[in-house]
Amino acid sequence: MIRANRRRGRAMLLAAFATTGLALLGCRAAPSRPEGAARTTSPSVSPTSPLAVLDDPALAAPPGFRACCVFGYDLRALIPFVSIENVLDPSELTEHRYGGALLEDNGLLYTRRGGFLDTGHVRDYADWTGHLAAAIARLWSRGGPIPLPPHGGGPVIVRLAPQRGPLDAEVAIRIAQRIAFELSVWHEIATWYGWRSVRIYPEELSAFSPEDIYSNLIGVQVGAAAIRRRLASGGGLDWGDAVDGALAEVIDPLGPVDAAGTRLALDLVQGEHGWWDRSKRIPQAAIVRRRYVEAGPSLSPWLVPVPGGLGGPELAGRPRAASVPTTTPSGALLATLYRLEIAPDRALMPALPAAPPGAPAMIEPSAFPAILAHARAGMRARFGPDAHARPRRAAPIAPLRWRPDDGRADLEVELLAIPRAGVRVPGQAIELGRGLAARVGVGDPAPIGVLYAGSRHGLRGQSGELRVHSLFVELGPGGTIIEEPVGISVHAGAGLGGSFFDFTRRADAFGASLEVRGQLGVRVREGIELRGGAGYFFSGRPGETIGHGNFITAGAGLRF
């Protein structure tokens with residue numbers, strides 16, 4: 001469950017990026033307040049009327065800057081010593097602030113039914129929905145242009161048609177949602193074709209990344225829910241508190257996982273042929289290999305293709321489609337109630353396809369499908385045939401990432417075989433050995449344990465046998481290299497101790513012992529591993545009974 005808190009752990013990091021280049025996070029610059037944006041609410045309006053609630057003075061100016069997230073985590077930048085974590089735990093969502101703030105925690109959050117969400121995008125378009133609803137409420141009866149900041153190098157114009165009758169808050173909310181979502185699609189188009197918030201920073205990296213469009217759509221739903229909460233409170237709920245409640249209302253049903261689950265989900269789609277490539281550096285566009293290129297009105301999220309029952313964070317779920325409204329409650333088409341026109345600066349976006357002959361020079365949402373088809377072709381040329389394909393294959397194995405054991409007890413029992421060398425006694429041949437090995441140890445943090453190995457050996461050509469008992473104090477570091485879909489661990493060991501040679505027909509012998517070994521473990525259940533390994537041992541005294549050679553083991557381990 002999403003819970004707002006007052007954590008400020010990211011404030012210093014975001015402040016550092018603000019001074020060295022906010023674009024490293026895939027940010028947008030704060031738009032200036034356009035001319036004509038002054039509020040025009042009549043002072044005679046009742047403070048509890050829908051107009052007074054929608055036309056909140058705090059929402060009068062367009063939303064400003066908010067940091068967004070490059071898809072992936074532990075990303076490295078071209079600037080030395082800079083890396084970006086990006087992953088957000090649901091409990092880290094701080095109080096919402098209109099227009100964004102450095103004290104706001106934002107990042108990537110994986111949900112079982114909604115895939116990856118960029119909470120920066122969600123908050124952005126919640127704010128845009130609130131701002132546009134306020135502007136629509138003010139212009140309801142007379143209509144006219146809604147002042148918006150330039151985007152894509154040129155003006156963005158929204159003209160609202162005059163509406164009959166008193167303000168219908170639900171209609172205003174739906175119009176605002178639709179316009180906000182169309183603006184979000186244009187933002188992805190503009191950045192793909194070369195427009196930059198900061199002239200020196202290319203933004204193709206973040207255009208249409210796997211979480212963007214769906215996050216934008218979730219954002220307009222959050223914005224609508226926040227407005228309805230404020231209306232229900234008669235205006236007594238401020239915008240930030242309304243959005244906090246709406247975030248939980250909209251995102252909780254999607255099944256958010258914790259930060260470890262989000263990292264696991266990102267690991268499962270990482271690689272040269274996955275959704276993103278950790279080997280690249282910001283701002284290289286090739287970091288993001290898959291692009292979700294759609295314009296709605298209904299979208300289904302991309303889910304990580306993970307089979308269920310893998311242990312650890314459960315990621316499996318069914319996608320929940322989301323839609324931007326297309327009609328009023330009475331069934332009238334929203335597109336007939338306003339007009340959105342965009343005048344791009346084609347000098348800044350030379351690859352943007354030209355308008356067809358006879359089409360208006362201004363870009364309208366009706367032109368988006370043709371532009372997106374052109375963008376998909378460019379993505380296939382740059383990133384391969386699956387660049388914009390919906391995930392349909394099984395997830396690749398997660399990349400190797402060493403996670404050392406720390407503070408864990410370990411009990412291990414294995415069968416032992418000595419296929420080469422074995423035990424040598426002066427004047428006596430010994431058969432190859434077989435036996436049992438057992439180890440108990442604890443890591444805190446250097447794993448130290450006790451290893452016992454007992455083996456039996458036949459006397460070649462004679463009756464009787466030799467039994468060898470060895471006891472070692474062993475240093476055995478280990479850890480996990482793959483968490484999912486199959487947990488795989490590696491272990492090493494080196495021990496010093498002693499051995500007792502127990503003969504049935506000759507004098508017994510003692511000697512010092514040394515062993516080194518390596519193991520591979522495969523988790524079959526939480527805390528239970530199947531293990532196999534190999535190593536080398538040396539036991540005894542020179543000139544007397546000596547055991548030496550290679551050994552192999554196969555068995556099981558219990559970690560608790």
Side-chain angles (χ1 to χ4, degrees), residues 111 113-118 121-133 135-136 146 148 151 156 158-161 163 168-192 207-228 246 249-251 253-254 291-303 318-342 362-376 388-390:
T111 64
R113 302 196 66 188
F116 293 101
L117 296 179
D118 181 335
H121 278 242
V122 173
R123 293 182 190 271
D124 269 344
Y125 290 100
D127 285 350
W128 271 107
T129 302
H131 169 71
L132 289 166
I136 292 166
I146 299 175
L148 294 177
H151 193 63
V156 177
V158 175
R159 293 185 176 89
L160 182 71
Q163 308 300 311
D168 186 324
E170 184 59 30
V171 174
I173 291 171
R174 294 190 182 193
I175 296 173
Q177 285 183 278
R178 187 169 178 84
I179 295 173
F181 182 71
E182 289 171 343
L183 292 175
S184 82
V185 175
W186 169 245
H187 173 77
E188 303 301 325
I189 291 173
T191 52
W192 172 252
F208 293 107
S209 65
E211 82 290 3
D212 277 355
I213 288 292
Y214 189 79
S215 295
N216 299 342
L217 185 47
I218 293 299
V220 303
Q221 292 188 344
V222 169
I227 297 170
R228 294 182 185 114
E249 176 186 332
V250 175
I251 296 180
L254 298 177
R291 309 293 177 121
Y292 190 173
V293 190
E294 297 293 341
S298 181
L299 299 175
S300 182
W302 283 9
L303 301 186
R318 294 184 177 181
R320 172 175 286 187
S323 299
V324 65
T326 57
T327 64
T328 67
S330 63
L333 291 175
L334 294 175
T336 64
L337 305 181
Y338 70 94
R339 185 170 183 174
L340 170 62
E341 296 178 324
I342 303 164
M362 301 282 279
I363 293 177
E364 299 184 18
S366 59
F368 287 173
I371 296 174
L372 295 186
H374 183 271
R376 292 187 193 102
H388 57 83
R390 178 172 292 276

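Residue numbers start at 1 and run along the sequence shown. Atom set for the values below is all heavy atoms of this structure, side chains included, hydrogens, waters and symmetry mates excluded.
A heavy-atom distance below 4.5 Å is found between the side chains of Phe181 and Leu299. Looking only at side-chain heavy atoms (C-beta outward), Leu132 and Leu148 come within less than 4.5 Å of each other. Between Ile189 and Ile363, every side-chain heavy-atom pair lies at or beyond the 4.5 Å cut-off.
We find the CD1-OG1 distance between Ile251 and Thr111 to be 8.0 Å, quoted to the nearest 0.5 Å. Rounded to the nearest 0.5 Å, atoms CG (Leu217) and OG (Ser184) are 8.0 Å apart. Between atom OG1 of residue Thr328 and atom CG of residue Asp168 there is a gap of 8.0 Å, rounded to the nearest 0.5 Å. Between atom OG1 of residue Thr129 and atom CD1 of residue Ile173 there is a gap of 9.5 Å, rounded to the nearest 0.5 Å. Rounding to the nearest 0.5 angstrom, the gap separating the CD1 atom in Ile342 from the CG atom in Leu183 is 6.5 Å. Rounded to the nearest 0.5 Å, atoms CD (Glu294) and NE2 (His388) are 9.5 Å apart.
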For Arg228 and Glu170, what are the C-alpha separation, side-chain angles and deciding distance, and is it a side-chain contact (heavy atoms from CB on, under 4.5 Å)? CA-CA 8 Å; Arg228 294 182 185 114; Glu170 184 59 30; 2.8 Å; yes

**Asked** Yes or no on side-chain contact (heavy atoms from CB on, under 4.5 Å) for Leu254 and Leu117, after CA distance, side-chain angles and deciding distance?
**Response** CA-CA 10 Å; Leu254 298 177; Leu117 296 179; 4.1 Å; yes

Legend entry - CA sep, side-chain torsions, deciding dist, call: Glu341, Arg159, salt bridge (charged side-chain N to carboxylate O under 4.0 Å, His left out): CA-CA 8 Å; Glu341 296 178 324; Arg159 293 185 176 89; 2.5 Å; yes

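Other residues, nucleotides and ligands place no more than 12 heavy atoms under 6.0 Å from the CZ atom of Arg339.
Taking both residues in full, the closest heavy atoms of Ala322 and Tyr214 are given as CB-CE1, 3.9 Å, listed atom of the first, atom of the second, then distance. Nearest approach of Asn216 to Glu188, heavy atoms of both residues: ND2-OE2, 3.9 Å. Smallest separation of non-hydrogen atoms from Arg390 and Tyr292: NH2-OH, 3.2 Å. Of all non-hydrogen atoms in Glu182 and Tyr338, the two that sit nearest each other are OE1-OH, 2.9 Å. Minimum heavy-atom separation, Ala133 to Ile227: CB-CD1, 3.6 Å. Considering every non-hydrogen atom in both Thr326 and Arg178, the closest pair reads CG2-NH1, 3.5 Å.
Side chain of Arg113 to main chain of Arg318: a donor-acceptor pair is present (N/O by atom type, distance under 3.5 Å, no hydrogens or angles).
Aromatic rings of Phe208 and Trp192 (six-membered ring for Trp) have centroids beyond the 6.0 Å cut-off, not under it.
Aromatic ring orientation, Trp128 versus His131: perpendicular (interplanar angle above 60°, classes split at 30° and 60°).
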